[in-house]
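Step one of this worksheet: look at the structure below.
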2 protein chains.
Amino acid sequence: MVSDLIRPDHLAAEADDCCETTVIHEEAVLAVREQMPAPEVTRAVADFFRVMSDPTRMRILCALGRAELCVCDLAALLGMSESAVSHQLRILRAARVVRNRREGRIVYYALDDQHVRTVYEMGEEHVLEVL
Amino acid sequence: MVSDLIRPDHLAAEADDCCETTVIHEEAVLAVREQMPAPEVTRAVADFFRVMSDPTRMRILCALGRAELCVCDLAALLGMSESAVSHQLRILRAARVVRNRREGRIVYYALDDQHVRTVYEMGEEHVLEVL
DNA sequence: TGATTATATGAGCAGATGTTCATATATTGT
DNA sequence: ACAATATATGAACATCTGCTCATATAATCA
(Lines give C-alpha, C1' and ligand atoms only; values in the text may rest on other atoms or scores of the structure.)
Protein backbone atom coordinates (compact mmCIF):
# COMPACT_ATOMS: atom_id res chain seq x y z
CA MET A 1 0.00 0.00 0.00
CA VAL A 2 1.16 3.51 -0.80
CA SER A 3 -0.29 5.02 2.40
CA ASP A 4 2.35 3.17 4.42
CA LEU A 5 5.02 5.29 2.81
CA ILE A 6 3.31 8.47 3.83
CA ARG A 7 2.69 7.58 7.47
CA PRO A 8 5.40 8.93 9.81
CA ASP A 9 7.73 6.33 11.24
CA HIS A 10 7.33 7.17 14.93
CA LEU A 11 3.69 6.05 14.78
CA ALA A 12 4.72 2.54 13.84
CA ALA A 13 6.07 1.94 17.34
CA GLU A 14 2.63 2.34 18.92
CA ALA A 15 1.36 -1.14 18.21
CA ASP A 16 3.46 -3.89 19.77
CA ASP A 17 3.27 -6.50 17.05
CA CYS A 18 1.20 -4.98 14.28
CA CYS A 19 1.66 -1.77 12.34
CA GLU A 20 -1.32 -1.54 10.02
CA THR A 21 -3.89 -0.50 12.62
CA THR A 22 -5.21 2.99 13.17
CA VAL A 23 -5.28 4.15 16.78
CA ILE A 24 -7.48 7.11 17.54
CA HIS A 25 -7.15 7.34 21.33
CA GLU A 26 -3.59 6.33 22.05
CA GLU A 27 -3.57 7.19 25.77
CA ALA A 28 -6.80 5.29 26.43
CA VAL A 29 -5.48 2.23 24.63
CA LEU A 30 -2.19 2.30 26.52
CA ALA A 31 -3.96 2.77 29.88
CA VAL A 32 -6.37 -0.11 29.25
CA ARG A 33 -3.56 -2.32 27.99
CA GLU A 34 -1.81 -1.99 31.34
CA GLN A 35 -4.94 -2.88 33.29
CA MET A 36 -5.93 -5.84 31.12
CA PRO A 37 -5.59 -9.35 32.58
CA ALA A 38 -3.11 -11.58 30.75
CA PRO A 39 -4.51 -13.25 27.63
CA GLU A 40 -4.02 -16.69 29.25
CA VAL A 41 -6.30 -15.60 32.09
CA THR A 42 -9.07 -14.27 29.87
CA ARG A 43 -8.76 -17.44 27.79
CA ALA A 44 -9.13 -19.65 30.86
CA VAL A 45 -12.13 -17.67 32.06
CA ALA A 46 -13.71 -17.89 28.60
CA ASP A 47 -13.13 -21.65 28.66
CA PHE A 48 -14.92 -21.82 32.00
CA PHE A 49 -17.94 -20.04 30.54
CA ARG A 50 -17.80 -22.24 27.46
CA VAL A 51 -18.57 -25.17 29.75
CA MET A 52 -21.83 -23.48 30.69
CA SER A 53 -22.66 -22.26 27.20
CA ASP A 54 -24.48 -25.43 26.12
CA PRO A 55 -28.16 -25.98 27.04
CA THR A 56 -27.61 -29.66 27.79
CA ARG A 57 -24.66 -29.02 30.11
CA MET A 58 -26.55 -26.16 31.75
CA ARG A 59 -29.49 -28.44 32.50
CA ILE A 60 -27.16 -31.13 33.82
CA LEU A 61 -25.56 -28.59 36.17
CA CYS A 62 -28.99 -27.36 37.32
CA ALA A 63 -30.05 -30.93 38.05
CA LEU A 64 -26.84 -31.85 39.87
CA GLY A 65 -27.14 -28.69 41.95
CA ARG A 66 -30.38 -30.10 43.33
CA ALA A 67 -29.50 -33.77 43.82
CA GLU A 68 -26.76 -36.32 43.31
CA LEU A 69 -27.78 -38.35 40.28
CA CYS A 70 -26.43 -41.20 38.18
CA VAL A 71 -25.98 -41.12 34.42
CA CYS A 72 -29.17 -42.95 33.49
CA ASP A 73 -31.23 -40.80 35.86
CA LEU A 74 -29.86 -37.71 34.18
CA ALA A 75 -30.58 -39.21 30.77
CA ALA A 76 -34.17 -39.93 31.77
CA LEU A 77 -34.59 -36.50 33.35
CA LEU A 78 -33.34 -34.68 30.25
CA GLY A 79 -34.88 -37.05 27.71
CA MET A 80 -31.51 -37.73 26.15
CA SER A 81 -29.40 -40.77 25.41
CA GLU A 82 -27.08 -41.99 28.15
CA SER A 83 -24.21 -41.71 25.71
CA ALA A 84 -24.86 -38.04 25.02
CA VAL A 85 -25.10 -37.33 28.75
CA SER A 86 -21.90 -39.26 29.44
CA HIS A 87 -20.03 -37.28 26.80
CA GLN A 88 -21.14 -34.00 28.38
CA LEU A 89 -20.29 -35.25 31.87
CA ARG A 90 -16.78 -35.88 30.63
CA ILE A 91 -16.51 -32.21 29.71
CA LEU A 92 -17.92 -31.12 33.07
CA ARG A 93 -15.47 -33.42 34.85
CA ALA A 94 -12.54 -32.02 32.91
CA ALA A 95 -13.62 -28.51 33.95
CA ARG A 96 -13.80 -29.69 37.58
CA VAL A 97 -17.31 -28.43 38.10
CA VAL A 98 -18.75 -31.85 38.95
CA ARG A 99 -17.44 -34.70 41.09
CA ASN A 100 -18.31 -38.38 40.73
CA ARG A 101 -18.23 -41.41 42.99
CA ARG A 102 -18.71 -45.00 42.01
CA GLU A 103 -21.05 -47.35 43.88
CA GLY A 104 -20.95 -50.72 42.19
CA ARG A 105 -21.98 -50.32 38.60
CA ILE A 106 -23.54 -46.95 39.25
CA VAL A 107 -21.59 -43.68 39.08
CA TYR A 108 -23.11 -40.78 40.98
CA TYR A 109 -22.44 -37.22 39.88
CA ALA A 110 -22.83 -34.05 41.92
CA LEU A 111 -22.04 -30.36 41.58
CA ASP A 112 -18.53 -29.62 42.83
CA ASP A 113 -18.20 -25.86 42.48
CA GLN A 114 -19.64 -23.04 44.56
CA HIS A 115 -19.24 -20.54 41.72
CA VAL A 116 -21.49 -22.37 39.27
CA ARG A 117 -24.58 -21.73 41.38
CA THR A 118 -23.88 -18.02 41.81
CA VAL A 119 -22.83 -17.57 38.22
CA TYR A 120 -26.03 -19.27 37.04
CA GLU A 121 -28.13 -16.92 39.14
CA MET A 122 -26.36 -13.90 37.63
CA GLY A 123 -26.99 -15.28 34.16
CA GLU A 124 -30.63 -15.71 35.04
CA GLU A 125 -30.82 -12.14 36.34
CA HIS A 126 -29.35 -10.83 33.11
CA VAL A 127 -31.80 -12.87 31.07
CA LEU A 128 -34.79 -11.56 33.02
CA GLU A 129 -33.53 -7.97 32.74
CA VAL A 130 -32.97 -8.09 29.01
CA LEU A 131 -36.36 -9.57 28.07
CA MET B 1 -35.44 -55.49 20.59
CA VAL B 2 -36.71 -58.57 22.37
CA SER B 3 -36.13 -57.06 25.83
CA ASP B 4 -38.99 -54.61 25.22
CA LEU B 5 -41.45 -57.47 25.15
CA ILE B 6 -40.28 -58.73 28.51
CA ARG B 7 -40.29 -55.37 30.36
CA PRO B 8 -43.53 -54.86 32.35
CA ASP B 9 -45.90 -52.27 30.91
CA HIS B 10 -46.39 -50.19 34.04
CA LEU B 11 -42.77 -49.09 33.90
CA ALA B 12 -43.32 -47.48 30.53
CA ALA B 13 -45.42 -44.72 32.14
CA GLU B 14 -42.53 -43.43 34.25
CA ALA B 15 -40.88 -41.31 31.60
CA ASP B 16 -43.07 -38.52 30.25
CA ASP B 17 -42.15 -38.63 26.61
CA CYS B 18 -39.66 -41.45 26.22
CA CYS B 19 -39.96 -45.09 27.12
CA GLU B 20 -36.58 -46.65 26.42
CA THR B 21 -34.73 -45.12 29.35
CA THR B 22 -33.72 -46.90 32.53
CA VAL B 23 -34.45 -44.95 35.70
CA ILE B 24 -32.73 -46.10 38.85
CA HIS B 25 -33.84 -43.45 41.35
CA GLU B 26 -37.35 -42.56 40.33
CA GLU B 27 -38.20 -40.34 43.32
CA ALA B 28 -35.00 -38.30 42.97
CA VAL B 29 -35.65 -37.77 39.27
CA LEU B 30 -39.24 -36.70 39.86
CA ALA B 31 -38.23 -34.34 42.67
CA VAL B 32 -35.50 -32.70 40.60
CA ARG B 33 -37.78 -32.44 37.60
CA GLU B 34 -40.20 -30.32 39.64
CA GLN B 35 -37.44 -27.98 40.83
CA MET B 36 -35.78 -27.59 37.43
CA PRO B 37 -36.09 -24.24 35.64
CA ALA B 38 -37.95 -24.38 32.34
CA PRO B 39 -35.81 -25.48 29.38
CA GLU B 40 -36.31 -22.06 27.74
CA VAL B 41 -34.75 -20.42 30.81
CA THR B 42 -31.72 -22.72 30.94
CA ARG B 43 -31.31 -22.22 27.20
CA ALA B 44 -31.37 -18.43 27.55
CA VAL B 45 -28.85 -18.55 30.40
CA ALA B 46 -26.60 -20.86 28.36
CA ASP B 47 -26.85 -18.39 25.47
CA PHE B 48 -25.74 -15.60 27.81
CA PHE B 49 -22.67 -17.59 28.83
CA ARG B 50 -21.99 -18.46 25.20
CA VAL B 51 -21.43 -14.75 24.61
CA MET B 52 -18.62 -14.85 27.14
CA SER B 53 -17.21 -18.19 26.02
CA ASP B 54 -14.92 -16.76 23.36
CA PRO B 55 -11.46 -15.37 24.23
CA THR B 56 -11.81 -12.43 21.85
CA ARG B 57 -15.20 -11.38 23.21
CA MET B 58 -13.98 -11.86 26.77
CA ARG B 59 -11.02 -9.55 26.13
CA ILE B 60 -13.32 -6.99 24.50
CA LEU B 61 -15.57 -7.04 27.55
CA CYS B 62 -12.56 -6.69 29.87
CA ALA B 63 -11.35 -3.69 27.89
CA LEU B 64 -14.76 -2.01 27.71
CA GLY B 65 -15.16 -2.52 31.44
CA ARG B 66 -12.13 -0.26 31.90
CA ALA B 67 -12.77 2.44 29.29
CA GLU B 68 -15.10 3.50 26.53
CA LEU B 69 -13.33 2.64 23.28
CA CYS B 70 -13.97 2.82 19.56
CA VAL B 71 -13.65 -0.08 17.14
CA CYS B 72 -10.19 0.73 15.83
CA ASP B 73 -8.84 1.27 19.35
CA LEU B 74 -10.14 -2.15 20.32
CA ALA B 75 -8.61 -3.64 17.19
CA ALA B 76 -5.23 -2.09 18.00
CA LEU B 77 -5.46 -3.13 21.65
CA LEU B 78 -6.24 -6.75 20.81
CA GLY B 79 -4.01 -6.94 17.75
CA MET B 80 -6.93 -7.99 15.57
CA SER B 81 -8.56 -6.73 12.39
CA GLU B 82 -11.26 -4.11 12.77
CA SER B 83 -13.60 -6.37 10.86
CA ALA B 84 -13.14 -9.23 13.30
CA VAL B 85 -13.73 -6.89 16.23
CA SER B 86 -16.81 -5.40 14.58
CA HIS B 87 -18.28 -8.85 14.02
CA GLN B 88 -17.82 -9.71 17.68
CA LEU B 89 -19.24 -6.36 18.80
CA ARG B 90 -22.35 -7.21 16.83
CA ILE B 91 -22.78 -10.34 18.93
CA LEU B 92 -22.17 -8.40 22.17
CA ARG B 93 -24.70 -5.79 21.07
CA ALA B 94 -27.30 -8.45 20.32
CA ALA B 95 -26.77 -9.86 23.80
CA ARG B 96 -27.23 -6.35 25.24
CA VAL B 97 -24.02 -6.48 27.24
CA VAL B 98 -22.49 -3.45 25.49
CA ARG B 99 -23.92 -0.10 24.47
CA ASN B 100 -22.68 2.13 21.65
CA ARG B 101 -22.94 5.79 20.81
CA ARG B 102 -21.93 7.48 17.58
CA GLU B 103 -19.83 10.63 17.44
CA GLY B 104 -19.25 11.58 13.85
CA ARG B 105 -17.57 8.71 12.09
CA ILE B 106 -16.48 7.12 15.35
CA VAL B 107 -18.64 4.67 17.30
CA TYR B 108 -17.81 4.33 20.97
CA TYR B 109 -18.57 1.12 22.80
CA ALA B 110 -18.88 0.58 26.55
CA LEU B 111 -19.92 -2.16 28.93
CA ASP B 112 -23.66 -2.06 29.58
CA ASP B 113 -24.25 -4.81 32.10
CA GLN B 114 -23.54 -4.96 35.82
CA HIS B 115 -23.59 -8.76 35.80
CA VAL B 116 -20.73 -9.20 33.34
CA ARG B 117 -18.22 -7.75 35.79
CA THR B 118 -19.31 -9.94 38.69
CA VAL B 119 -19.65 -13.01 36.53
CA TYR B 120 -16.14 -12.47 35.17
CA GLU B 121 -14.73 -12.26 38.67
CA MET B 122 -16.43 -15.53 39.61
CA GLY B 123 -15.01 -17.18 36.53
CA GLU B 124 -11.58 -15.92 37.48
CA GLU B 125 -12.00 -17.26 41.01
CA HIS B 126 -12.90 -20.67 39.64
CA VAL B 127 -9.92 -20.66 37.31
CA LEU B 128 -7.51 -19.77 40.12
CA GLU B 129 -9.01 -22.46 42.39
CA VAL B 130 -8.80 -25.21 39.82
CA LEU B 131 -5.19 -24.63 38.79
C1' DT C 1 -19.06 16.51 -5.61
C1' DG C 2 -15.46 13.36 -4.83
C1' DA C 3 -11.98 11.37 -1.73
C1' DT C 4 -11.09 9.71 2.74
C1' DT C 5 -12.06 7.55 7.03
C1' DA C 6 -14.62 4.62 10.55
C1' DT C 7 -17.64 1.08 10.89
C1' DA C 8 -20.81 -2.66 9.39
C1' DT C 9 -21.95 -6.70 6.94
C1' DG C 10 -22.27 -10.73 3.59
C1' DA C 11 -19.93 -14.78 1.57
C1' DG C 12 -16.77 -18.30 2.10
C1' DC C 13 -13.89 -21.37 4.51
C1' DA C 14 -11.27 -24.01 8.11
C1' DG C 15 -11.80 -25.68 12.53
C1' DA C 16 -14.72 -26.67 16.62
C1' DT C 17 -18.96 -28.76 18.67
C1' DG C 18 -22.73 -32.04 20.00
C1' DT C 19 -25.12 -35.90 18.76
C1' DT C 20 -25.61 -40.87 17.25
C1' DC C 21 -24.02 -45.47 16.68
C1' DA C 22 -20.99 -49.11 17.68
C1' DT C 23 -17.99 -50.87 20.86
C1' DA C 24 -15.14 -51.17 25.10
C1' DT C 25 -14.78 -51.41 30.11
C1' DA C 26 -16.25 -52.46 34.71
C1' DT C 27 -19.14 -54.44 38.09
C1' DT C 28 -22.77 -57.64 39.63
C1' DG C 29 -25.46 -61.79 39.80
C1' DT C 30 -26.25 -66.70 38.30
C1' DA D 1 -17.18 -68.51 33.64
C1' DC D 2 -21.12 -66.17 31.46
C1' DA D 3 -24.86 -62.96 30.88
C1' DA D 4 -26.63 -58.62 32.14
C1' DT D 5 -26.19 -53.84 33.38
C1' DA D 6 -24.12 -49.06 33.95
C1' DT D 7 -20.94 -46.19 32.11
C1' DA D 8 -17.20 -44.60 28.98
C1' DT D 9 -15.27 -43.68 24.63
C1' DG D 10 -13.96 -43.50 19.55
C1' DA D 11 -15.50 -42.55 14.83
C1' DA D 12 -18.47 -40.32 11.81
C1' DC D 13 -21.34 -36.63 10.55
C1' DA D 14 -24.12 -32.45 10.35
C1' DT D 15 -24.14 -28.02 12.29
C1' DC D 16 -22.13 -23.99 14.27
C1' DT D 17 -18.35 -20.52 14.93
C1' DG D 18 -14.94 -17.05 14.13
C1' DC D 19 -11.95 -15.39 11.01
C1' DT D 20 -10.66 -13.12 6.35
C1' DC D 21 -11.67 -10.69 2.29
C1' DA D 22 -14.50 -7.86 -0.42
C1' DT D 23 -17.88 -4.59 -0.32
C1' DA D 24 -21.45 -1.48 1.58
C1' DT D 25 -22.79 2.35 4.51
C1' DA D 26 -22.14 6.64 6.88
C1' DA D 27 -19.90 10.77 8.07
C1' DT D 28 -16.18 14.27 7.28
C1' DC D 29 -13.26 17.19 4.64
C1' DA D 30 -11.12 19.27 0.48
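A note on names: the letters A, B, ... follow the listed sequences, proteins ahead of strands, and every chain is numbered from 1. Just so it is clear, the values below take in all heavy atoms, side chains as well, and ignore hydrogens, waters and symmetry mates.
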Given atom [atom1] of [X] and atom [atom2] of [N], what is their separation to the nearest angstrom?
X	N	atom1	atom2	answer
B:Arg43	D:dC16	CZ	P	11 Å
A:Asp47	C:dA16	CG	P	12 Å
A:Asn100	C:dA26	CG	P	15 Å
B:Glu103	D:dA26	CD	P	19 Å
B:Ile91	C:dG10	CD1	P	13 Å
A:His25	C:dT7	NE2	C1'	14 Å
B:Arg102	D:dA26	CZ	P	8 Å
A:Ile60	C:dG18	CD1	P	11 Å

Remember a base hit wins even if backbone is also touched, and classify [X] as base, sugar-phosphate or nothing at under 4.0 Å, heavy atoms.
X	answer
A:Ser81	sugar-phosphate
A:Tyr109	sugar-phosphate
A:Ile24	sugar-phosphate

Without swapping roles, check the side chain of [X] against the backbone of [Y] for a donor-acceptor pair under 3.5 Å.
X	Y	answer
A:Asn100	A:Val107	no
B:Arg66	B:Cys62	yes
B:Arg102	B:Tyr108	no
A:Ser53	A:Arg50	yes

According to a strict under-4.0 Å criterion, is [X] in side-chain N/O contact with OP1 or OP2 of [N]?
X	N	answer
A:Arg57	C:dT17	no
B:Thr56	D:dC19	yes
A:Gln88	C:dT19	yes
B:Arg90	C:dT9	yes

Exercise for review: Could you check A:Arg93 against B:Arg50 and say which one's nearest nucleotide on DNA chain D is further toward the 5' end?
Suggested key: A:Arg93
Check your understanding: Mapping A:Asp73 and B:Arg105 to their closest nucleotides on DNA chain D, which lands nearer the 5' end?
Key -> A:Asp73
Exercise for review: Could you check A:Ser83 against B:Leu89 and say which one's nearest nucleotide on DNA chain C is further toward the 5' end?
Suggested key: B:Leu89
Under 3.5 Å, which donor-acceptor pairs link side chains of residues 124-131 of chain B to any protein atom two or more places apart or in another chain?
| unit_1 | atom_1 | unit_2 | atom_2 | d |
| --- | --- | --- | --- | --- |
| B:His126 | ND1 | A:Asp113 | OD2 | 2.3 |
| B:His126 | NE2 | A:Ala95 | O | 3.3 |
| B:Glu129 | OE2 | A:His115 | NE2 | 3.3 |

Exercise for review: Flag as yes if A:His87 stacks onto the base of D:dT9 (centroids under 5.5 Å, planes under 30°), otherwise no.
Suggested key: yes
**Study point:** Residue B:Ala84, side-chain heavy atoms: nucleotide from D:dT7, D:dA22, D:dC19 that is nearest
**Key:** D:dC19
